[in-house]
Amino acid sequence: MPELPEVETTCRGLAKVLIGKKITEIKTLRSGLRIPFPEDLSKYMNGTKVISVSRRAKYICINLSNGYVLIIHLGMSGRIIIGKKEYVLNLHDHFIINLSNSQKIILNDPRRFGLVTILNTDEMESSKFFRNIGQEPLSDDLTPELLCSKLKHKKIAIKLALLDQKIISGIGNIYACEALFRAGISPKRKSNSISYKRASKLVNSIKLVLTEAIKAGGSSIKDFVHPDGELGYFATKWRVYGREGEPCLCNHQKNVLIKRIIQSGRSTFFCPACQR
DNA sequence: CACTCTCCCTGAAAGC
DNA sequence: TGCTTTCAGGGAGAGT
């Protein structure tokens, strides 16, 4: 489930492989994913060089020498594979980039919730993909003051506010649960009841869980690339996510079990004793 | 406008 | 054992 940390490590891995390389050919193996592949993708990509790889929210941005940027979203099940010349296609490989050094970048996505598109770099921020996206949680833009001002008029539960990409970008279900646990805040608490003190704790927790996950990705994968070429996925030990019925890991509560509830159709895991 | 619900899709896991 | 059902989730768009 690629959220910000997985996308970030994928970008760092891609940067190592892609920067300075020339794209010789691209292949689309179906008409599209969540949205159709742009018809004239080859026209924009063939013969260009990769200048840099960046991330915005959960989007991978591959910046090309001709002023365009290839946008990849991994959706829910998407993954990027670095393949050699002799790479054999697998089920659910949908999009391939061939490089001049005969390496290949493969997008594999069983559930096809991902997307691939291309934008003019100057128009990227104002495009429909990015114009409503909130602050990057790891940038200095995300402050307790900013979070407070965004939550002040919201009646929705804080967990749902964290999932709203217009408020903060890049947080998904797992890290929303983990950040709330670290901050000791109930996922059910109304957004407009978050005090400055709680917002401050929450901002710290968000930055902490995301930073730790990126660090885990970098250290558990050699140079951000698995031996099989896969990027961005790594085992993280979560404190609440997926731990329904298991004891809370805090020191001061005994025999308190992690609970699972459904909020807007999504599972939320939390400790009813630690989180208020 | 604010918010919730449904849908897209496949594969793993649970249920029968 | 083997079939069927359920569940997972990001984001768009429909519905309340």
Side-chain angles (χ1 to χ4, degrees), chain A residues 1-8 10-11 28-37 55-61 71-81 89-95 106-117 119 124 127-137 149-180 187-194 206 209-210 213 230 232-233 235-236 238 240-246 258-270:
Chain A
M1 285 155 259
E3 299 182 29
L4 187 152
E6 292 78 16
V7 177
E8 179 64 30
T10 300
C11 285
T28 52
L29 279 62
R30 55 162 38 249
S31 60
L33 301 173
R34 201 173 71 220
I35 62 171
F37 294 130
R55 178 191 58 74
R56 177 76 175 98
K58 296 172 196 167
Y59 293 87
I60 299 164
C61 309
I71 306 290
I72 299 175
H73 194 294
L74 298 175
M76 153 74 192
S77 57
R79 61 194 69 202
I80 298 281
I81 309 284
L89 283 182
N90 285 305
L91 188 63
H92 307 309
D93 286 349
H94 305 306
F95 178 68
I106 300 104
L107 173 60
N108 180 287
D109 184 4
R111 281 173 235 188
R112 308 210 298 268
F113 277 27
L115 71 83
V116 174
T117 196
L119 300 170
M124 187 181 125
S127 73
K128 64 174 177 181
F129 301 103
F130 297 100
R131 66 178 167 229
N132 291 323
I133 296 259
Q135 268 75 16
E136 282 292 328
S149 74
K150 289 201 174 193
L151 296 178
K152 202 161 52 184
H153 304 294
K154 290 261 169 212
K155 292 174 195 160
I156 54 169
I158 183 64
K159 157 76 179 336
L160 300 177
L162 291 183
L163 291 179
D164 185 344
Q165 303 297 299
K166 294 191 287 297
I167 298 174
I168 305 175
S169 64
I171 299 176
N173 206 32
I174 295 170
Y175 295 106
C177 292
E178 294 296 314
L180 285 169
K188 294 186 277 190
R189 178 175 279 276
K190 297 266 184 289
S191 299
N192 58 13
S193 80
I194 299 282
I206 289 167
V209 294
L210 296 177
E230 186 172 337
Y233 287 80
T236 313
W238 297 309
V240 285
Y241 186 85
R243 296 192 65 245
E244 181 185 15
E246 294 176 37
I258 300 301
K259 244 180 115 174
R260 182 173 81 104
I261 56 170
I262 303 294
Q263 292 180 289
S264 286
R266 298 272 192 270
S267 285
T268 298
F269 298 87
F270 71 107

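Residue numbers begin at 1 in each chain, while the letters A, B, ... track the order of the sequences.
- Close approach of DNA chain B to chain A, defined as any atom under 4.0 Å from a non-hydrogen atom of the protein, starts and stops at dC3(B) to dG11(B).
- Summary for the helix from dA2(B)-dT16(C) to dC16(B)-dG2(C): the axes at its two ends, each from 5 pairs, differ by 60° when rounded to the nearest 10 degrees.
- Not a single donor-acceptor pair under 3.5 Å links the side chain of S267(A) to the backbone N or O of I262(A).
- Residues Q263(A) and H92(A) both approach DNA chain B. Their nearest nucleotides, taken by heavy-atom distance, put Q263(A) toward the 5′ side.
- Between the side chain of T117(A) and the backbone N or O of I71(A), no donor-acceptor pair lies under 3.5 Å.
- No donor-acceptor pair under 3.5 Å is formed between the side chain of E244(A) and the backbone N or O of F269(A).
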* How does each nucleotide of nucleotides 7-14 of chain C score, in 5' to 3' order, for protein heavy atoms under 4.0 Å: base (B), sugar-phosphate only (S), or none (-)? -> -BBBB---
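- Looking at E178(A), its side chain does come within 3.5 Å of a backbone N or O of V240(A) through a donor-acceptor pair.
- Side chain of E3(A) to main chain of I171(A): no donor-acceptor pair is present (N/O by atom type, distance under 3.5 Å, no hydrogens or angles).
- Of the residues near DNA chain B, L160(A) and R30(A), the one whose nearest nucleotide (by heavy atom distance) lies more toward the 5' end is L160(A).
- K58(A) and E6(A) are not joined by a salt bridge, as no carboxylate oxygen comes within less than 4.0 angstrom of a charged side-chain nitrogen.
- A pairwise comparison of heavy atoms in G170(A) and Q165(A) identifies N-OE1, 2.7 Å as the closest pair.
- Two rings, from F130(A) and Y59(A), have their centers less than 6.0 Å apart.
- The backbone N or O of R79(A) lies less than 3.5 Å from no partner atom in the side chain of N108(A), so there is not a single donor-acceptor pair.
- A donor-acceptor contact closer than 3.5 angstrom links the side chains of Q135(A) and K150(A).
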